[in-house]
J.: 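Please read through the structure below; I'll follow up with questions.
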Amino acid sequence: MGFFKKKKKETILKAFATGKVIALKDVKDEMFSAGLMGPGIAIESDDGKYYSPVNGMITMLFPTKHALGLKSEDGQELLLHIGIDTVALKGEGFTAFVQDGQKVSAGDPLLSADLDFLRSKGLETTAILCITEPKEPQISFTAQDSVQAVQDNIATITL
């Protein structure tokens, strides 16, 4: 009859940047490429602007502004990390548009990075989005070779 059939929840992740999509296994940081931070996807941004992939809340903005935590409305915990070894810059080259505890909608500006500055310091500029608390979902990454921020879907998480 299906009266007690549990309805599956889906979370759509929007592109958090405009640029070239990179498989997580190809990210030049073993913490991410080995999946130690959870499943995810990376984008090499064209313009250094990063947006919320979901409706939710900022759970933690790192003081160095190179990374932040998000919790989607349905409880998925995400980490957005800009660049490799960029924590060493202590916030230089980054601008945050959000703060801890702030509610965000998919497409809201989160961070920006001066990509030329990062490259001048010899750092990788790849941005990584990981699902850090996947709660046993099925994750389907749908992004192609390149994506348009806010407009393109990059993944679907099904609970």
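The analysis underlying the following values was restricted to heavy atoms, covering all of them including side chains, and did not include hydrogens, waters or symmetry mates.
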J.: In terms of heavy-atom contacts, does NZ of Lys14 have more than 12 from other residues, nucleotides or ligands at under 6.0 Å?
T.: yes
J.: Grouping I, L, V, M, F, W and Y whenever their side-chain heavy atoms are under 4.5 Å apart, do Val54 and Met60 come out in a common cluster?
T.: no
J.: Evaluate the side-chain proximity of Ile128 to Leu24: yes if any heavy-atom separation is below 4.5 Å, no if none is.
T.: yes
J.: Can you get from Leu80 to Phe32 by hopping between Ile, Leu, Val, Met, Phe, Trp and Tyr side chains that sit under 4.5 Å apart?
T.: no
J.: What distance do Tyr51 atom OH and Ser112 atom OG have between them, rounded to the nearest 0.5 Å?
T.: 9.0 Å
J.: Within the 4.5 Å heavy-atom criterion, are Phe97 and Leu110 side-chain neighbours or not?
T.: no
J.: Does any non-hydrogen side-chain atom of Lys71 lie less than 4.5 Å from one of Gln76?
T.: no
J.: Kindly compute the distance separating CG (Asp116) from NZ (Lys121), expressed to the nearest 0.5 Å.
T.: 13.0 Å
J.: Are any non-hydrogen side-chain atoms of Ile157 and Gln138 less than 4.5 angstrom apart?
T.: no
J.: Considering non-hydrogen atoms only, spot the tightest contact between Pro39 and Ile139 and give its length.
T.: CG-CD1, 3.4 Å
J.: Return yes if some donor-acceptor pair links the side-chain N/O of Asp47 with the main-chain N/O of Lys49 below 3.5 Å, else return no.
T.: yes
J.: Does any N or O in the side chain of Gln102 come within less than 3.5 Å of the main-chain N or O of Gln99, such that one atom is a donor and the other an acceptor?
T.: yes
J.: Could you check if a side-chain atom of Leu79 sits within less than 4.5 angstrom of a side-chain atom of Leu68, using non-hydrogen atoms only?
T.: no
J.: Can you see which heavy atom on Tyr50 is nearest to which on Ser45, and at what distance?
T.: OH-CB, 3.4 Å
J.: For the atom pair CG (Asp100) and OG1 (Thr59), what is the distance rounded to the nearest 0.5 Å?
T.: 7.5 Å
J.: When you measure from the side chain of Asn55 to the backbone N and O of Ala106, does any donor-acceptor pair fall under 3.5 Å?
T.: yes
J.: So, do Ile43 and Leu129 sit near enough that their side-chain heavy atoms are less than 4.5 Å apart?
T.: no
J.: Testing the basics here: between Met37 and Thr132, what is the closest heavy-atom pair and its distance to 0.1 Å?
T.: O-CG2, 3.4 Å
J.: Keeping Asp108 on the side-chain end and Val104 on the backbone end, is there a donor-acceptor pair under 3.5 Å?
T.: no
J.: Can Glu44 and Lys20 be counted as an ion pair, charged N to O under 4.0 angstrom?
T.: no
J.: Mind running side-chain contact (heavy atoms from CB on, under 4.5 Å) on Glu92 and Phe117 for me, showing each step along the way?
T.: CA-CA 9 Å; Glu92 192 176 0; Phe117 174 75; 3.4 Å; yes
J.: Applying side-chain contact (heavy atoms from CB on, under 4.5 Å), run through Leu118 and Phe94 and close with a yes or a no.
T.: CA-CA 9 Å; Leu118 271 59; Phe94 293 94; 3.9 Å; yes
J.: When you look at CG of Asp26, are more than 12 heavy atoms from neighbouring residues, nucleotides or ligands closer to it than 6.0 Å?
T.: yes
J.: Please give me the minimum heavy-atom distance between Thr86 and Glu124, naming the atom from each residue.
T.: CG2-O, 4.2 Å
J.: Should Met57 and Leu70 be marked as a side-chain contact (heavy atoms from CB on, under 4.5 Å) after you check the CA-CA gap, both sets of side-chain angles, and the distance that decides it?
T.: CA-CA 6 Å; Met57 185 178 74; Leu70 287 155; over 6 Å; no
J.: For the atom pair CG (Leu13) and CD1 (Ile131), what is the distance rounded to the nearest 0.5 Å?
T.: 5.5 Å
J.: Can you tell me how far NZ of Lys103 sits from CD1 of Ile58, rounded to the nearest 0.5 angstrom?
T.: 12.0 Å
J.: Taking all atoms of both residues into account, what is the closest heavy-atom pair of Cys130 and Gly38, and its distance?
T.: SG-O, 3.9 Å
J.: Begin with the C-alpha distance, continue with both residues' side-chain angles, and end with the deciding distance and a verdict on side-chain contact (heavy atoms from CB on, under 4.5 Å) for Thr156 and Thr11.
T.: CA-CA 6 Å; Thr156 302; Thr11 301; over 6 Å; no
J.: Among Ile84, Asp85, Leu115, Ile82, find the one that has a side chain to side chain contact (heavy atoms under 4.5 Å, CB included) with Leu123.
T.: Asp85
J.: Would you indicate whether the side-chain heavy atoms of Val21 and Ile41 approach each other to under 4.5 Å?
T.: yes
J.: Evaluate the side-chain proximity of Pro53 to Leu78: yes if any heavy-atom separation is below 4.5 Å, no if none is.
T.: yes
J.: According to a hydrophobic-cluster definition based on side-chain heavy atoms being under 4.5 Å apart (Ile, Leu, Val, Met, Phe, Trp, Tyr only), do Ile154 and Ile12 belong together?
T.: no
J.: How far apart are the closest heavy atoms of Leu61 and Ala96, and which atoms are they?
T.: CD2-CB, 3.7 Å
